[in-house]
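Predicted model, so just to flag it, every value in this text is computed and none were measured. Order of the sequence lines sets the chain letters (A, B, ...), proteins ahead of strands, with each chain counted from 1.
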Amino acid sequence: MKNFITLFQKSLLIPLLAIFLFSSQNSLAQELVTGISHEKIYITSDFTGSEMIVFGTINGIENLIAQGGKNAVLDRYKVVVAVEGPEEPGVVRKKANILGIWINRDNVAFTAIPSSYLMMTSYEEKDENFKNTLEELRVGLDHTPFGLLDAASDGVSIANFRNAVIRLKEEKNLYKEMNNGIHFIADNLFKAKFDIPALIPVGDHVITTYLFEDNKVLSKTSHKVTITKTGFEQLMYDFSRNYGYIYGIVCVFLAMVTGWLSSVIFKRD
Amino acid sequence: MYLYLPIAELPVNVFLFLGMGAAVGFLSGMFGVGGGFLMTPLLIFSGIPPAVAVATEANQIVASSFSGALVHFKRKSIDFKLGLLLLAGGIFGSFVGVLLFRLLRQLGQLDLIISLLYVSFLGIIGALMLYESIGFMRKAAKAAQSGKVVAAKMPGQHNWIHGLPFKMRFKRSKLYISAIPVLAIGALVGILAAIMGVGGGFIMVPAMIYLLRVPTNVVIGTSLFQIMFVTMFTTIAQAGANFTVDVMLAFLLMVGGVVGAQFGARAGQKLKGEQLRALLALIVLGVCARLGYELVATPTELFTIGLAAGH
C-alpha cells in the first residue's frame with residue numbers, strides 16, 4: 001500500500017481503498033469498479049480550469065493478470081471513459097458572401113449539443129467493428145447525434161454543420177478525444193486524467209466508463225460531477241438571473257459611486 | 001492574474017482588461033469623448049461575447065459620464081430643459097434598441113448589424129472630422145503666412161430644422177427650436193447606445209452643434225447629462241431583459257478608465273484642438289477600417305454556434 005500512497009494525491013486515497021474493498025468481492029464476471037477524484041468542481045474567482053481523475057479496476061480477471069500482467073489486460077479489454085457536459089439546444093450558422101459582405105445565411109438547429117465532451121480510451125486505434133459498437137452506444141464525438149431530428153435535409157451539409165460544432169468546441173478545449181489516454185498504473189488499476197477546460201459550462205456532467213471485450217460491453221459505470229460557481233460568482237450570477245432589473249440598478253449604482261469617487265480623488269476641473 | 005467573470009462565464013486576465021480600460025480612458029480623456037466606440041470593438045476582439053460587451057460597456061459609460069456630468073453641473077454648463085427633452089427621446093430609443101437587440105440576437109444577425117452600424121457611423125464621422133480639421137489646419141497655415149487671424153468656421157444661422165413645428169424655447173442655450181429634431185436625435189442615440197454599446201456622444205455632439213446650433217459651451221455638458229441617464233436606463237434594461245451586464249468586467253473597465261482619463265486629459269492639453277480632432281479622426285477611421293475589413297475578408301471560420309431561437 002505504501003507505494004500507492006506516494007503515487008497519488010491524498011484526496012484519491014479513500015475512493016481507492018473503496019475500489020480495493022469492492023474488488024475483492026464477486027470474481028465471477030468481469031466487472032468495472034471506478035472512482036473519481038472530485039464529485040464537485042467549484043468555479044472560484046481565480047478559476048482557469050481544473051483536473052478530473054477517473055480511476056478504476058476490473059474485477060474477475062485475476063487469472064489473466066497472474067498469467068500476463070497488464071499487457072494481457074490491454075490486449076483483451078478496451079476501456080473508454082467519457083465526460084459529458086449538459087446538453088443544450090443551439091443553432092449553427094454558416095456565413096455566405098452576399099454582395100461582398102459575409103453574412104450568416106444557412107443554419108441548422110440541433111436540440112441537444114453536449115456543452116462539453118471529453119473522452120479517453122485505453123487503445124490507440126479502433127477497427128471497423130469496434131466503431132460500429134461505439135456508434136450503437138453513441139459513444140464518441142463521431143457518434144453523438146446532437147439531437148438532430150430533421151433528417152430530411154441534405155445529409156452532406158448537415159454533416160458540415162455537425163463537424164463545425166466539433167471543430168469550434170475543440171478550439172475551446174471543450175471537446176477532446178484522446179486515444180491511449182488511459183494508463184494502467186498497476187496490473188489492474190487504470191487512471192484517466194482529464195483537463196477540465198476554463199470554459200467548462202456549469203451543471204451536472206456525467207462520467208461514463210465502459211469495459212469492452214470483443215466489441216461487446218461487459219460492464220459500465222457512471223458518476224455524476226457537478227460543476228458549480230461558488231461564493232461571489234454564484235451569488236452574482238443568481239442575482240442577475242433572478243432579479244435582473246434590481247441587479248441592473250446595483251450595477252448603475254456601482255458605476256455612479258466609481259464615477260463620483262474618481263471626480264473626488266482626481267478633482268477633475 | 002485571472003479573474004472569472006460571473007456573467008460572461010469565462011476567465012480573463014485582470015491586467016489586460018484594466019490596461020484596456022486605461023488605454024481607452026486615456027484617449028477619452030484626451031479627446032473628450034466617451035470611448036465606447038473604441039471599447040466595445042476591443043472587448044469583442046478580445047473574446048467577450050458581443051452581447052455581454054455591448055451591455056457591459058453601457059454600464060461603464062455610466063461611470064465616466066457621471067463623473068463628467070458632475071464637473072459640468074458645477075460649471076453650470078448643462079441645459080437641463082434641452083437635456084431632458086433629449087433624454088425623453090433617448091429613453092424611448094434605448095427601449096426600442098434593447099428589444100431590437102434581442103430580436104437580432106435571435107435572428108443570428110446581431111454581430112453583423114453591430115459591425116455594419118460601427119463601420120457606417122465611424123466611417124462618416126471620421127471622414128467628416130478629418131476633412132474639417134485638415135481644412136482648418138490649411139487655412140491656419142495660410143493665415144499664418146499672410147498674418148491674418150482665422151476663427152473656426154461658424155455654421156450658418158438657419159437651416160431646414162428651424163422650419164419645423166412644435167417650437168420650444170431653451171433659455172440656457174438661447175435657442176427657439178422645434179422639439180421634433182431634439183427628440184429624434186435623442187432617440188437615435190438611445191437606439192445606438194443599446195445596440196452598439198456606446199454613449200453616442202460622437203453623434204450627438206456634432207448633431208447638436210450643426211443641426212440644432214446649440215452653443216458649444218453647453219453642448220458637452222448637456223450631452224453628458226443625456227448619455228448618463230440613457231446608459232443607466234440601458235444598463236438596467238439589458239440586465240433585466242437580456243442578462244448580459246457583467247458587473248465584474250464593468251468594474252475592471254471603470255477603474256482602468258477613470259485612471260487613464262486623468263492622464264489623457266493632461267496629455268490633451270498639450271495639443272491644439274484641430275490636431276486633436278485630426279488624431280481622433282484617424283483613430284476612428286482605423287477602427288472603422290478594421291471592422292470593415294472583417295466584414296469583407298473571407299473568414300477563416302464560416303460557422304458559428306448561436307443560441308437557439310426563443311432562448
Side-chain angles (χ1 to χ4, degrees), chain A residues 43-49 88-97 100-104 107 109-111 113 160-161 164-165 167-169 171 198-199 201-202 229 232-237 240-241 244-245 247-252 254-263 265-266 268-269, chain B residues 1-7 9-11 59-71 74-75 108-109 111-112 116 231-232 235-243 245-248 250-251 254-255 258-259 261-262 265 294-299 301-309 311:
Chain A
I43 295 185
T44 50
S45 58
D46 58 352
F47 183 80
T48 53
E88 56 199 12
V91 180
V92 183
R93 300 189 171 90
K94 188 185 177 189
K95 286 197 175 71
N97 196 321
I101 292 173
W102 290 91
I103 291 174
N104 286 335
N107 63 71
F110 295 98
T111 57
I113 302 175
N160 285 339
F161 282 83
V165 174
R167 194 167 60 240
L168 289 164
K169 295 261 190 185
E171 274 171 23
L199 295 174
V202 295
K229 292 176 199 171
F232 181 72
E233 283 67 37
Q234 182 64 41
L235 200 73
M236 277 297 128
Y237 183 83
S240 78
R241 288 277 152 168
Y245 289 100
Y247 168 83
I249 291 168
V250 172
C251 290
V252 164
L254 178 78
M256 289 173 72
V257 171
T258 313
W260 174 75
L261 271 178
S262 80
S263 71
I265 294 169
F266 296 106
R268 265 169 70 171
D269 219 324
Chain B
M1 198 175 108
Y2 279 82
L3 185 73
Y4 188 88
L5 299 178
I7 311 300
E9 300 191 311
L10 48 91
N59 190 17
Q60 191 217 333
I61 297 170
V62 173
S64 56
S65 58
F66 182 66
S67 91
L70 276 178
V71 174
K74 281 178 206 152
R75 285 186 196 158
Q109 301 298 0
D111 302 2
L112 173 75
L116 281 177
T231 48
M232 278 180 187
T235 305
I236 295 167
Q238 292 281 28
N242 297 325
F243 312 114
V245 179
D246 196 301
V247 70
M248 294 302 289
F251 189 67
M254 279 175 213
V255 171
V258 293
V259 175
Q262 302 309 316
E294 296 221 328
L295 281 177
V296 294
T298 309
E301 175 62 83
L302 290 176
F303 293 88
T304 48
I305 307 177
L307 299 163
H311 279 257

Do [X] and [Y] touch side chain to side chain, with heavy atoms closer than 4.5 Å?
X	Y	result
A:Ile43	B:Glu9	no
A:Ile265	B:Val258	no
A:Leu254	B:Asn59	no
A:Tyr247	B:Val247	yes
B:Met232	A:Met256	yes

Tell me, out of [options], who's got the most heavy-atom pairs with chain B below 4.5 Å.
options	value
A:Gly248, A:Ser240, A:Ala255	A:Ala255
A:Asn104, A:Val250, A:Val92	A:Asn104
A:Lys229, A:Met236, A:Glu171	A:Lys229
A:Glu233, A:Gln234, A:Lys94	A:Lys94
A:Ser45, A:Ala164, A:Gly100	A:Ser45

Would you give the length of the straight line joining atom [atom1] of [X] to atom [atom2] of [Y], rounded to the nearest 0.5 angstrom?
X	Y	atom1	atom2	value
A:Ser262	B:Met254	OG	CE	11.0 Å
B:Gln238	A:Cys251	CD	SG	11.5 Å
B:Phe243	A:Tyr237	CZ	OH	8.5 Å
B:Leu302	A:Arg93	CG	CZ	14.5 Å

Seminar exercise, completed: Applying ring-ring contact (aromatic ring centres under 6.0 Å, His included) to B:Phe66 and not counting sequence neighbours gives none

Interface moiety of [X] toward chain A, non-hydrogen atoms closer than 4.5 Å:
X	result
B:Met1	neither
B:Leu5	neither
B:Ala237	backbone
B:Ala297	backbone
B:Asn242	neither
B:Leu295	both
B:Thr298	both

Exercise. What heavy-atom pair brings A:Gly259 and B:Ser67 nearest, and what distance separates the two atoms?
Worked result: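 Where A:Gly259 meets B:Ser67 most closely, the heavy atoms are O-CB, 2.9 Å.
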
Exercise. Chain B heavy atoms under 4.5 Å from A:Leu168: which part of the residue, side chain, backbone, both or neither?
Worked result: side chain

Out of [options], which one racks up the most heavy-atom pairs below 4.5 Å with chain A?
options	answer
B:Leu10, B:Val245, B:Val259	B:Val245
B:Leu3, B:Asp111, B:Thr304	B:Thr304
B:Tyr2, B:Phe303, B:Tyr4	B:Phe303
B:Ala250, B:Ala239, B:Ser65, B:Gly240	B:Gly240

Exercise. Should we say atom CZ of A:Phe47 is surrounded by more than 12 heavy atoms from elsewhere, each under 6.0 Å from it?
Worked result: yes

Seminar exercise, completed: The side chain to side chain contact (heavy atoms under 4.5 Å, CB included) partners of B:Ile236 (sequence neighbours excluded) come to A:Tyr245, A:Ile249, A:Val252

